[in-house]
Protein chains: 2
Amino acid sequence: MAINNWLGVQTEVLKRIHDRTWKPGEIIPRETDLAYEFGCARVTVNRALRALADKGVLDRKRKVGTTVALYPTSKATLKIPLIRKEIEDLGKVYSYKLLKQTQSKFPKEERLPTHLSSSDNLLYIEAIHSSDGEPFVIESRYINQKVVTNLESKVFEKNSPNEWLLANVPYTHGAISFSATNCSAEKSTLLKINPSEAVFQIDRTTFDREQVITNVLLTYHKDYQLQTSL
Amino acid sequence: MAINNWLGVQTEVLKRIHDRTWKPGEIIPRETDLAYEFGCARVTVNRALRALADKGVLDRKRKVGTTVALYPTSKATLKIPLIRKEIEDLGKVYSYKLLKQTQSKFPKEERLPTHLSSSDNLLYIEAIHSSDGEPFVIESRYINQKVVTNLESKVFEKNSPNEWLLANVPYTHGAISFSATNCSAEKSTLLKINPSEAVFQIDRTTFDREQVITNVLLTYHKDYQLQTSL
DNA sequence: CTTACTATTATGTACATACATAATAGCATA
DNA sequence: TATGCTATTATGTATGTACATAATAGTAAG
């Protein structure tokens, strides 16, 4: 019976990997052969296999062929949501408060903002996002004013930098890192937790080509979990 | 000048989004028109736009059209590597040690293993992975022996469950969550850190269709960072 | 005014075909 | 033996064409 759509091909291929007809590391039949077997066009097989290679299930190489990935490089795609949206999606009321806004060439912070040099003309902002009035995450951000020039001084009193930048300053790429740290005394007060409690942090820097647009350190409330699926 | 490959189309589209020719939320010209403008086939435009929609840069809807995503849902794809590979890629020497292996219907752990019920026939394993002799991560795992039946009792003395399962038990999907926690006394000894120091944790459950194969809690050494790019 | 049908439209997919490109193997030459 | 050329091969991509499908708008029937 012919399989005449790429999702069907994908399902069949996954089935064979799963039931070990094709074992990890092994080479699978070439596109032409599979197309003949399934009774469809090679392009259809190509699309299915390409999608699986994107997911990390298969490895493909020109002239060599397609192999079942030895260690399926479990690629989890995690969506980094807007903070407001994340809170609202939980059915909670979102609120935002600006805590600090300073012009600072040499930020007197404990952390070195990644990817930024002290020579940059930086705007430092600290704000807190709350869920039903409870502290949710502290946003601690540097903005490179060499790149972001259309800034009115009072924007961030009402709008969170998180949201304003996303809507107003397009970026080309970014670097992101997740870690755990013992909460500083100052932040623990803001988050209403005990000092040195373990907190989840996201450090993200976004770029416009070579230039850094902004670096943000998000310090989440206790018990925050970042979830996704494989 | 004609753009006659899908990557070229993608680049041009990204350029226009970036220089705000097409603003967030706006609808962009239809495939047919773009194809005409670029001097290529509609299918080529389709491929480029589809790839961007996958990344979250565009939203597409049949009959309605393609819009620039209002909040580019920053999708970070993070690779969950084999622990051994992660360590070796850092140029360090990898070592593994089995700490505990018990048959336990009712695990006497502080944590409830996610997605598992106490009725399952569980094998509990605790092991440590080291980098140049220094503790790197504690693997604390439940294996569902209803599903994983081909287990020899001594496999995990030499092979880490992490690696053995990946190579021997195919899975259909998984759930994963990242969090921060204060390290338990027991684990802090193993990791050679102060008790209640903040540690990064990954909790992962993999499934074979409806059935849980395994649940693992990975507790990383101090200062561990999970990094990726956008 | 509401409901059901119908036409329209933009994206989604399938196919045959053609050519491009990377990697390999084999052969020939120095 | 080593080196470089060449043929081969599997995947990668582009195109014209055709039809599928989802969502909308418009129209007719009750």
Q: Can you tell me if Arg42(A) touches the phosphate of dC15(C), counting only side-chain N or O atoms and a distance under 4.0 Å to OP1 or OP2?
A: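 Arg42(A) to dC15(C) OP1/OP2: no side-chain N or O under 4.0 Å.
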
Q: Grab the CG-P distance between Leu49(B) and dT13(C) for me, whole Å please.
A: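 Leu49(B) atom CG is separated from dT13(C) atom P by 13 Å.
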
Q: Going by the angle between their ring planes, with limits at 30° and 60°, are Trp164(B) and Phe156(B) parallel, tilted or perpendicular?
A: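 Perpendicular.
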
Q: Expressed in angstrom and rounded to an integer, what is the separation of Glu31(A) atom CD from dG12(D) atom C1'?
A: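 Value for this atom pair: 8 Å.
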
Q: Can a donor-acceptor pair be found, under 3.5 Å and without considering hydrogens, that links the side chain of Thr214(A) to the backbone of Tyr142(A)?
A: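 Here the side-chain-to-backbone pair exists.
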
Q: Please work out if Val43(A) contacts a base, only the sugar-phosphate, or nothing of the nucleic acid, heavy-atom cut-off 4.0 Å.
A: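 Counting heavy atoms under 4.0 Å across all strands, the contact made by Val43(A) includes a base.
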
Q: Rounded off to whole Å, could you give me the CG-to-P distance for the Leu58(A) and dT11(D) pair?
A: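 About 11 Å, once rounded to whole Å.
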
Q: Taking the side chain of Trp6(A) as its heavy atoms from C-beta onward, which of dA14(D), dA14(C), dG12(D) lies nearest to it?
A: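 The answer is dA14(C), which lies nearest to the side chain.
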
Q: I want to verify a distance call: between dT15(D), dT11(D), dC15(C), whose nearest atom is closest to the Asn4(B) side chain?
A: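 The nucleotide sitting nearest to the side chain is dT15(D).
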
Q: Any side-chain N or O of Arg30(A) less than 4.0 Å from the OP1 or OP2 oxygen of dA10(D)?
A: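 Result: yes.
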
Q: Once you round it to whole Å, what is the distance between P of dA23(D) and CG of Asp59(B)?
A: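 Rounded to the whole Å, the gap is 14 Å.
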
Q: For the helix from dC1(C)-dG30(D) to dA30(C)-dT1(D), how many degrees between its two end axes (five pairs per end), to the nearest 10°?
A: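 Both end axes considered, the difference amounts to 10°.
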
Q: Measuring from atom CD1 of Ile83(A) to atom OG of Ser130(A), what distance do you get when rounded to the nearest 0.5 angstrom?
A: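 Reported to 0.5 Å precision, the distance equals 11.0 Å.
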
Q: Output the rounded distance in Å from CD1 (Ile28(A)) to P (dT11(D)).
A: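 Atom-to-atom, Ile28(A) to dT11(D), this comes out as 8 Å.
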
Q: Tell me: CG of Leu34(A) to P of dA10(D), nearest whole Å?
A: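 Nearest whole value for this atom pair: 12 Å.
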
Q: Taking the side chain of Asn46(B) as heavy atoms from C-beta outward, which of dT11(C), dT17(C), dG12(D) is closest to it?
A: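 Within the option list, the nearest is dT11(C).
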
Q: Would you tell me whether His129(B) and Asn162(B) have side-chain atoms, one donor and one acceptor, within less than 3.5 Å of each other?
A: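 No, no side-chain donor-acceptor contact under 3.5 Å.
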
Q: Aromatic rings Tyr220(B) and Tyr224(B): how do their planes relate, parallel, tilted or perpendicular, breaks at 30° and 60°?
A: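 The rings of Tyr220(B) and Tyr224(B) lie parallel, inter-plane angle below 30°.
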
Q: Under 4.0 Å: is that the gap between some side-chain N or O of Arg62(B) and OP1 or OP2 of dT9(C)?
A: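 Answer is no, no contact under 4.0 Å.
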
Q: Between dT13(C), dA22(C), dT15(D), spot the one nearest the side chain of Lys63(A), thanks.
A: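 Side chain of Lys63(A) sits closest to dA22(C).
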
Q: Rounded to whole angstrom units, what separation is found between the CG atom of Leu7(B) and the C1' atom of dA14(D)?
A: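 Taking atom C1' of dA14(D) as the reference, CG of Leu7(B) is at 12 Å.
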
Q: Which nucleotide wins on minimum distance to the side chain of Asn5(B), given the candidates dG12(C), dT11(D), dT13(D)?
A: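 Nearest listed nucleotide: dT13(D).
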
Q: Here's a test of your reading of the structure: between Val64(B) and Thr32(A), which maps to the more 5' nucleotide of DNA chain D?
A: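 Final value for this comparison: Thr32(A).
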
Q: Tell me what Thr66(B) touches on the nucleic acid: a base, only sugar-phosphate, or nothing, going by heavy atoms under 4.0 Å.
A: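 The residue Thr66(B) makes sugar-phosphate contact but no base contact.
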
